[in-house]
Amino acid sequence: MQKPSVPRGTRDFGPEQMSKRLFLLETIRQTFRRYGFQPIETPALENLSVLMGKYGEEGDQLLFKILNSGDFANGLTQADWQENARKLTLKISEKGLRYDLTVPFARYVVMNRHALAMPFKRYQIQPVWRADRPQKGRYREFVQCDADVVGTDSLLCEAEIVLMLHESLRNLGIQDFTVKINNRKILTGISEVVGAEGQEGPLAVAIDKLDKIGKEKVVEELKQRGFSDESIEKLEPMFQFSNETQAAFAQLKTWLAGSEVGLKGVAELEEVWSLVGQYGLADARIQLDVTLARGLSYYTGAIFEVKANGVQIGSISGGGRYDNLTGAFGMPGLSGVGISLGVDRIYDVMEELKLFPETGLQSTQVLVVHLDAEGRSVGLPLLSQLRAHNISAEAYPDAAKVKKQLDYANAKRIPYVVLIGSEEIQTGQLTLKNMVTGEQQKLAADQIVEKLRQEAALL
RNA sequence: GAGGAUGUAGCUCAGUUGGUUAGAGCGCCAGAUUGUGGUUCUGGAGGUCGCGGGUUCGAGACCCGUCUUUCUCCCCA
């Protein structure tokens, strides 16, 4: 006999975890709804042709690929097996598990372009899979909550994303977080003014680590990546930004004066800041972070990342604007912007900060305890009556001692039990017991329903 | 994908330079109490020491492989 196990990086969720996860999911979902986003779902499986090449070279490696059904080796020659893994993969696998929700969404938009009212705002809450190496806060199967708007390049969308992030996290009880914002155009501008056009990719990757490894190591890495001493010298202003946002904007405008793209990026960000102010967002936790790059190659405008402060868990949300995501599927020129929240990481953050509310753990409101068949015949209609009033109620299915039944109520944290024995049947007065205080009172069935109904209304 | 750490009862962990039958607390089950739980007392069940090889008279301990979890790099939610 073998010990059962789940695949590396995947997990089961028990009832206690699920009640927390559902609370989390529901809170985020309601925020998305409130901002006018509509739900969609897409298959867990996508054709590899949809997924490949959308996440950079490394992304392709992180895709879970599915072996073709049937005799996948049919028609393969010896030469095929000798070929490199990438080419062989394409011959034996044509489907993969989705890596994120954005690319499937882009596919969906292209396939349904004639039916969608533009701008189209959708939210999508589904698991994604990455063949990554698992660590704390990093799983191979995890749930993302995405909200995207396509069909408009209005910066109002960026501002609303900022608002939704604040609203979601605050409704969950996460107060100490930072929404870092940058703009890809600024990174492009920087690469221009330092004389390294087209090199913003490697530049961004190095600069992204600034807060982690410090200026000297970043300079070192840039040298290794082939940046000239002159470029690195011109990069100096990068390390001297003001903590004050408006001052930093001014610095950026001076520095990027020679780059049209760069200045546009600054102007876009200023507009976002201004709009967030107009919405009246109180105590905005937004921070201009010029070092924020993010790996995904398809971002073209704003870039978002959210970090929960005080915990050692990676970013809990990320997103940005992409001008041409649907271009790969034959529909160019459609601009979109979106955000993705990582449920599993937010869960870990909340668990670590002990932010889950105590309530919500209890599943059943009342347990009907019967002592014999006669008691059960009184208990069953009571159960129906309770449930008809939307009170979650259950009976212990087996004929068991009172002790055992009360133990069961305790184990499930059921706050009330109704005891029905010969005495209760004779008088018609059932015993309602409060399991928290231990108090008992004799009440008629109707009175019990009424009392528990009021009790439930208070929750 | 590269390197390091980890794994003993359901849970948290002891286990001496390798030495007889691997322990504790909590939890679980039963009884004290055949209609009253969460307190107390008594008793009980539960371990292929992650898995597979090897060294040894003898391995939970040492060596190799493998899997899990975890840390750093990379990347990300």
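We name chains A, B, ... by the order of the sequence lines, and we start the count at 1 in each one.
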Quiz item: Roughly how many Å is it from NZ in Lys180(A) to P in C76(B), rounded to a whole number?
Solution: 14 Å

Quiz item: In whole angstroms, how far is the C1' atom of U69(B) from the CG atom of Asp348(A)?
Solution: 14 Å

Quiz item: Considering residues at least two apart in sequence or located in another chain, which fulfil the side-chain hydrogen bond (donor to acceptor under 3.5 Å, both in side chains) criterion with Arg29(A)?
Solution: Glu26(A), Tyr123(A)

Quiz item: Can you give one letter per nucleotide of nucleotides 32-37 of chain B, 5' to 3': B if a protein heavy atom sits under 4.0 Å from the base, S if only from the sugar-phosphate, - if neither?
Solution: ---BBB

Self-check item: Ionic contact status for Asp100(A) with Arg98(A), cut-off 4.0 Å
Solution: no

Quiz item: Going by the angle between their ring planes, with limits at 30° and 60°, are Tyr99(A) and Tyr55(A) parallel, tilted or perpendicular?
Solution: tilted

Quiz item: Using the P atom in both, what is the distance from G10(B) to C28(B), to the nearest Å?
Solution: 15 Å

Quiz prompt | Near-strand residues of residues 199-207 of chain A, defined as heavy-atom separation under 4.0 angstrom from RNA chain B | solution = Val205(A)

Quiz item: How would you list, by chain and number, every residue that makes a salt bridge (Lys or Arg N to Asp or Glu O under 4.0 Å) with Arg133(A), sequence neighbours excluded?
Solution: none

Self-check item: Span that lies between the P atom of U6(B) and that of U16(B), in whole angstrom
Solution: 15 Å

Practice problem: Let me know the distance between CZ of Arg140(A) and P of C67(B), rounded to the nearest Å. | Solution: 11 Å

Quiz item: Are Glu351(A) and Lys20(A) within salt-bridge range, i.e. N to O under 4.0 Å?
Solution: yes

Exercise. Could you give me the CA-CA distance, side-chain angles and deciding distance for His166(A) and Phe177(A), then say whether ring-ring contact (aromatic ring centres under 6.0 Å, His included) is met?
Key: CA-CA 9 Å; His166(A) 280 70; Phe177(A) 61 89; 5.2 Å; yes

Quiz item: Taking the P atom of each, how far is A5(B) from A22(B), in whole Å?
Solution: 30 Å

Self-check item: Aromatic plane relationship, Tyr347(A) with Phe356(A) - under 30° parallel, 30 to 60° tilted, over 60° perpendicular
Solution: tilted

Quiz item: Can you name the residues that form a salt bridge (Lys or Arg N to Asp or Glu O under 4.0 Å) with Glu352(A), not counting sequence neighbours?
Solution: Lys136(A)

Quiz item: Over how many whole Å does the gap from Gln405(A) atom CD to G38(B) atom P extend?
Solution: 15 Å

Show which side-chain atoms of residues 5-15 of chain A pair as donor or acceptor with protein atoms under 3.5 Å away, not counting sequence neighbours.
{"residue": "Thr10(A)", "atom": "OG1", "partner": "Pro7(A)", "partner atom": "O", "Å": "2.6"}
{"residue": "Arg11(A)", "atom": "NH2", "partner": "Asp344(A)", "partner atom": "OD2", "Å": "2.6"}

Quiz item: Who passes side-chain hydrogen bond (donor to acceptor under 3.5 Å, both in side chains) against Thr42(A), sequence neighbours left out?
Solution: Gln124(A)

Practice problem: Could you state the atom-to-atom distance from OH of Tyr99(A) to C1' of A77(B) in whole Å? | Solution: 10 Å

Output a table of nitrogen or oxygen pairs between the protein and nucleotides 2-9 of chain B separated by less than 3.5 Å.
{"residue": "G3(B)", "atom": "O6", "partner": "Arg133(A)", "partner atom": "NH2", "Å": "3.1"}

Quiz item: Can you list every side-chain hydrogen bond (donor to acceptor under 3.5 Å, both in side chains) pair that touches residues 215-226 of chain A, not counting sequence neighbours?
Solution: Lys209(A)-Glu221(A), Lys215(A)-Glu236(A), Glu221(A)-Arg225(A)

Quiz item: Does Glu268(A) pair with Arg321(A) as a salt bridge, N-O distance under 4.0 Å?
Solution: no

Quiz item: With rounding to whole Å, what would you report as the distance between G23(B) and A9(B) at their C1' atoms?
Solution: 10 Å

Practice problem: Could you state the atom-to-atom distance from CG of Leu62(A) to C1' of A77(B) in whole Å? | Solution: 13 Å

Quiz item: Just checking Tyr139(A): base, sugar-phosphate only, or nothing, at a heavy-atom cut-off of under 4.0 Å?
Solution: base

Quiz item: Between Asp372(A) and Arg376(A), does at least one N-O distance fall below 4.0 Å, as a salt bridge requires?
Solution: no

Quiz item: Atom CD1 of Ile313(A) to atom P of C71(B): distance rounded to whole Å?
Solution: 10 Å

Self-check item: Spacing of the C1' atoms in G1(B) and C75(B) (rounded, Å)
Solution: 11 Å

Quiz prompt | Lys/Arg N to Asp/Glu carboxylate O, Asp148(A) vs Arg122(A), below 4.0 Å | solution = yes

Under 3.5 Å, N/O pairs linking protein and nucleotides 25-27 of chain B:
none

Quiz item: Near RNA chain B, which residues from residues 6-13 of chain A have a heavy atom under 4.0 Å away?
Solution: Arg8(A), Gly9(A)

Practice problem: Once you apply the 3.5 Å cut-off to both distances, tell me the Watson-Crick or G-U wobble partner of U21(B), or none. | Solution: none

Quiz item: Is it true that Lys412(A) and Glu394(A) make a salt bridge, defined as a side-chain N closer than 4.0 Å to a carboxylate O?
Solution: yes

Quiz item: Between G7(B) and U70(B), how far is it from one C1' atom to the other, in whole Å?
Solution: 11 Å

Exercise. Could you give the distance separating U56(B) and C13(B) at their C1' atoms, to the nearest angstrom?
Key: 29 Å

Practice problem: Please determine, for G44(B), whether a Watson-Crick or G-U wobble partner exists with both distances under 3.5 Å, and give it or none. | Solution: C28(B)

Quiz item: Ser315(A): what forms a side-chain hydrogen bond (donor to acceptor under 3.5 Å, both in side chains) with it, not counting sequence neighbours?
Solution: none

Self-check item: Euclidean distance for C1', G58(B) against G46(B) (whole angstrom)
Solution: 27 Å

Quiz item: Between Lys307(A) and Asp289(A), is there a side-chain N and carboxylate O pair less than 4.0 Å apart?
Solution: no

Exercise. Nearest-nucleotide wise, let me know which of Glu221(A) and Gln61(A) is further upstream toward the 5' end of RNA chain B.
Key: Gln61(A)

Quiz item: Hey, does Lys209(A) reach any base, or is it just sugar-phosphate, or nothing, if we go heavy atoms under 4.0 Å?
Solution: sugar-phosphate

Quiz item: For U69(B), which nucleotide is its Watson-Crick or G-U wobble mate, given both distances must be under 3.5 Å?
Solution: A5(B)

Quiz prompt | Atom-to-atom span, CZ of Arg138(A) to C1' of C73(B) - whole angstrom | solution = 10 Å

Self-check item: Side chain to side chain, Thr152(A) and Ser335(A), heavy atoms closer than 4.5 Å
Solution: no

